[in-house]
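Written below as structure tokens is the structure these notes are about.
Keep in mind that what you see is a predicted model, and the values were worked out from it rather than measured. Each ligand, and each atom within it, is numbered from 1 in the order the structure gives.
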Amino acid sequence: MDGVPLARGDRVTFSLVASCGQCFFCTEAGLPQKCRSLLKYGHRPVSDRWPLTGGLAQYVYLQPGTSVCRVPEEVSDTVAATAMCAGATIGQALSGMVGKACGALLLIGMGMLGAWGVRVGLERGFDRILAVDVDQERLEGALRAGATAVLCSRGLPPDAVEAFVKEHTGGRGADTCIELSGKASAVQAGLAALRVGGTLKLVGSVVPGESLQLDPYANVTRMTTIQGVHNYHPKHLAAALDLVTDRFHHDAVQSGIGQQYPLCGVDGAFRSTERREALRVAITFG
Ligand SMILES: [Zn+2]
């Protein structure tokens, strides 16, 4: 991505998708992540046409149109792996937002994307970062990592998120909310917690799920913006890697990565994920 040719033995990571660089979405729309002939790593079965699609394998075949970044020396393999997924996606969600005027950021769902949400939110200068999850332990991690305030929403009534956000924003509401859980009730809560003129970024709803009722009048009069975020522009991968060259951010992401498993122990890795032992588990090779 930086134009410097790669050398044998360089540690690299790569964009989640390969795109053609020529279609309407790659050029005029500025959305190469939605290219007409998009190929997405780790999201499709092995085939004769593309035998090594990424994920749970020692090798991956990088298609033409993939953006490749050299991993900076100070960034661990595991943190680099989360940068190419969670980190760059959060960068896309907060694209163009920077400076004190960003105000209050609300994050709903504090898995690895939420952890990166705190990192990118702090870097961009949001003056308050509010985190919501159903898991108290994850929220304690978010507080240690720099969140301003947290709410465990488990068992609470639907309007609890709005009340929590208003309490921490002088009654105003969140300037930006990133919804990472994919739950319709959480989308509704995020929308209700926005300030007038606020923006809701939908990231977590990556599989079909429940619909929700939308009150167009409320959204007109409150001047809210709702935006879907899917995949990311490759520039956000380079920015995510750059962010974690800072030790403070790097170690915070690293602390969310649990035990590392060799490929032959992959069943244990899945069990660990089911037990929610860490924000991510790592599969290693070697
Ligand atoms: Zn294209």
**Report entry** Distance-minimising heavy-atom pair for Arg44 and Thr53
**Finding:** O-OG1, 3.2 Å
Distance-only donor-acceptor pairs under 3.5 Å for side chains of residues 200-214, two or more places apart:
unit_1	atom_1	unit_2	atom_2	d
Lys201	NZ	Ala93	O	3.3
Lys201	NZ	Gln227	OE1	2.5

Report summary line: What one should report as the nearest heavy-atom pair of Leu241 and Val75 is O-CG2, 4.1 Å
Report summary line: Residue pairs passing the side-chain hydrogen bond (donor to acceptor under 3.5 Å, both in side chains) test with at least one member in residues 263-272, sequence neighbours excluded, are Ser272-Glu277
Query - Residues Lys166, Glu162: salt bridge by 4.0 Å N-O rule - result: yes
Show me the donor-acceptor pairs, under 3.5 Å and distance only, between side chains in residues 17-26 and residues at least two apart or in other chains.
none

Query raised in the report: How many protein N, O or S atoms sit closer than 2.8 Å to the Zn ion (ligand 1)?
Result: 4
